[in-house]
Structures are given as C-alpha cells and as structure tokens.
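Counting begins at 1 with the first residue of the sequence.
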Amino acid sequence: GGLAGAVTNTKINDIHVSGSSISGTTKIGGVLGTTTGGGITNCSVTNTTVHGSSTYIGGLVGTMSTNGSSIPVTNVTMVNNNVDGTNFVAGLIASTSRGNGTQTLTNIKVLGGTVAGASSVAGVVAVMCNSSYTNLYCSATVTGTGDGAQVYIGNNTELSFEVTEELYNSSTISKGLILQGADITVN
C-alpha cells in the first residue's frame with residue numbers, strides 16, 4: 001500500500017496519498033495492502049493509480065480483517081483514482097473479512113476515477129461480510145469483463161438506487177447510499 005503493506009491493530013488517521021502509482025500482485029491498496037484490526041479515519045487518496053496483477057485490489061485497502069474487534073472506517077474520500085486488477089477489485093476496499101467482529105463504514109466518498117477488473121468489481125467494496133454502511137457516495141466508472149461488475153457495495157447484493165434486502169452475512173445499510181453519475185460497463 002501507499003503507507004504500508006500490512007498492519008495489525010493499527011489506527012490510521014489523517015493520511016493523504018496523492019499523485020502516486022502503487023502496484024504489485026495481490027492485496028494491494030492506496031493506503032494499506034492489508035489490515036487486521038485497528039481503523040481508518042480522515043484519510044484520502046487522490047489522483048492515484050492502484051494496479052494489481054492478481055486479486056484483492058482496493059483504492060484504499062486490499063483486504064480488511066476484524067481480528068474479533070470492530071474496525072471503523074470513517075470520513076474517507078477517494079478522488080479520481082484508477083484502480084485495476086483481475087478479481088475482487090474495488091474503489092475503496094476489495095474485501096472485508098468473514099471472521100468475528102465488524103467493519104463500520106461511515107461518510108465514504110468515491111468520486112470519479114475508474115475501477116476495472118474481470119469479476120467482482122465494485123465502486124465501493126467488492127466482497128463484504130459483517131459490515132455496516134452509513135452515508136456512502138459513489139460516482140466511479142466501473143468496468144468488468146466478467147460477472148459482477150457494478151457500482152455497488154458487495155458482490156452478493158446489487159444496489160442500484162434503493163436498498164431492497166439485507167446484505168450478505170449480517171451486513172446492514174443504515175442510510176444515505178447515493179450512486180450518482182456512475183457509469184457501469186459489463187463486457
């Protein structure tokens with residue numbers, strides 16, 4: 001990641017990545033490749049390219065695991081980034097964990113930019129489990145060459161302009177999901 005490849009039980013506050021190019025194979029992110037525990041607050045990634053030649057590529061974080069605790073991701077803004085990989089590619093986080101604990105995403109903006117991959121490609125989060133989301137905004141251009149390319153939160157529930165069902169594995173939507181000006185292409 002732009003700050004670190006992997007961290008455990010670390011709180012990331014007020015980190016801003018701009019005009020960077022970050023690349024690798026798998027579990028790549030604009031700030032962190034992978035995080036277990038901790039949290040992310042008041043961070044941004046702007047005009048940055050995040051490229052992975054394999055899976056779990058995220059504009060902010062590649063993979064996020066709870067380690068049995070709650071991980072808050074609050075006040076994060078992603079602006080005009082280009083994120084690409086093969087599978088499980090997202091403008092914010094490629095994958096949240098299936099373990100004990102929860103991820104709580106609040107006040108998240110993914111503004112412009114592109115997200116591209118083969119399958120499970122998302123504007124916000126590609127694979128989500130045990131998570132709750134409040135006040136999300138996404139206007140990314142999302143392109144996938146396989147199944148699952150959409151501007152949405154997770155790969156098990158499609159969210160277009162209204163939330164109609166509970167999300168995968170006890171995840172919930174609170175309010176304020178806005179998908180505005182998003183371009184979606186599935187080839």
Side-chain angles (χ1 to χ4, degrees), residues 1-12 15-40 43-67 71 73 76-99 101 103 105 108 110-131 138 140-156 168-169 171 184-187:
L3 175 66
V7 297
T8 300
N9 297 327
T10 303
K11 293 184 179 179
I12 306 297
I15 299 296
H16 306 282
V17 176
S18 181
S20 298
S21 181
I22 300 160
S23 63
T25 305
T26 187
K27 297 181 181 176
I28 307 297
V31 174
L32 300 172
T34 184
T35 180
T36 303
I40 300 173
C43 293
S44 67
V45 179
T46 304
N47 298 320
T48 292
T49 297
V50 181
H51 168 76
S53 59
S54 188
T55 57
Y56 300 108
I57 313 303
L60 181 72
V61 176
T63 63
M64 178 176 285
S65 301
T66 61
N67 200 21
I71 300 178
V73 179
V76 173
T77 303
M78 313 296 290
V79 181
N80 293 327
N81 300 305
N82 297 306
V83 182
D84 72 279
T86 56
N87 301 324
F88 311 112
V89 182
L92 185 73
I93 301 169
S95 177
T96 63
S97 79
R98 290 185 165 95
Q103 294 89 11
L105 278 67
I108 306 297
V110 180
L111 307 173
T114 62
V115 183
S119 66
S120 295
V121 184
V124 185
V125 178
V127 178
M128 45 158 270
C129 305
N130 298 338
S131 303
C138 180
T141 298
V142 180
T143 304
T145 57
D147 67 320
Q150 306 196 31
V151 175
Y152 62 167
I153 294 175
N155 66 351
N156 293 314
Y168 179 76
N169 198 16
S171 298
I184 302 167
T185 305
V186 179
N187 297 323

To the nearest 0.5 Å, what is the distance between [atom1] ([X]) and [atom2] ([Y])?
X: His16; Y: Cys43; atom1: NE2; atom2: SG; value: 6.5 Å
X: Phe88; Y: Thr63; atom1: CZ; atom2: OG1; value: 12.0 Å
X: Leu60; Y: Ile15; atom1: CG; atom2: CD1; value: 11.0 Å
X: Asn47; Y: Ser21; atom1: CG; atom2: OG; value: 12.5 Å

>> Walk me through whether Ile28 and Ile22 qualify under side-chain contact (heavy atoms from CB on, under 4.5 Å).
In response: CA-CA 8 Å; Ile28 307 297; Ile22 300 160; 3.8 Å; yes
Validation row: [X], [Y] side chains within 4.5 angstrom (heavy atoms):
X: Leu105; Y: Ile93; value: yes
X: Leu32; Y: Ile40; value: yes
X: Thr10; Y: Thr35; value: no

Minimum heavy-atom distance between [X] and [Y], given as atom pair plus value:
X: His51; Y: Asp84; answer: ND1-OD2, 2.6 Å
X: Gly59; Y: Val50; answer: O-CG2, 4.2 Å
X: Ile108; Y: Val73; answer: CD1-O, 3.8 Å
X: Ile57; Y: Ser54; answer: CG1-O, 3.9 Å
X: Gly123; Y: Cys138; answer: CA-SG, 3.8 Å
X: Ala90; Y: Ala126; answer: CB-N, 3.6 Å

>> Using modelled atom types and a 3.5 Å cut-off, is there a donor and acceptor pairing between side-chain atoms of Thr48 and backbone atoms of Ser20?
In response: yes
>> Is it true that Thr26 and Thr55 share a donor-acceptor pair across their side chains at a distance under 3.5 Å?
In response: yes
> Only one of Thr141, Asn82, Thr143, Asn80 clears side chain to side chain donor-acceptor pair (under 3.5 Å) with Thr114; which?
Replying inline: Asn82
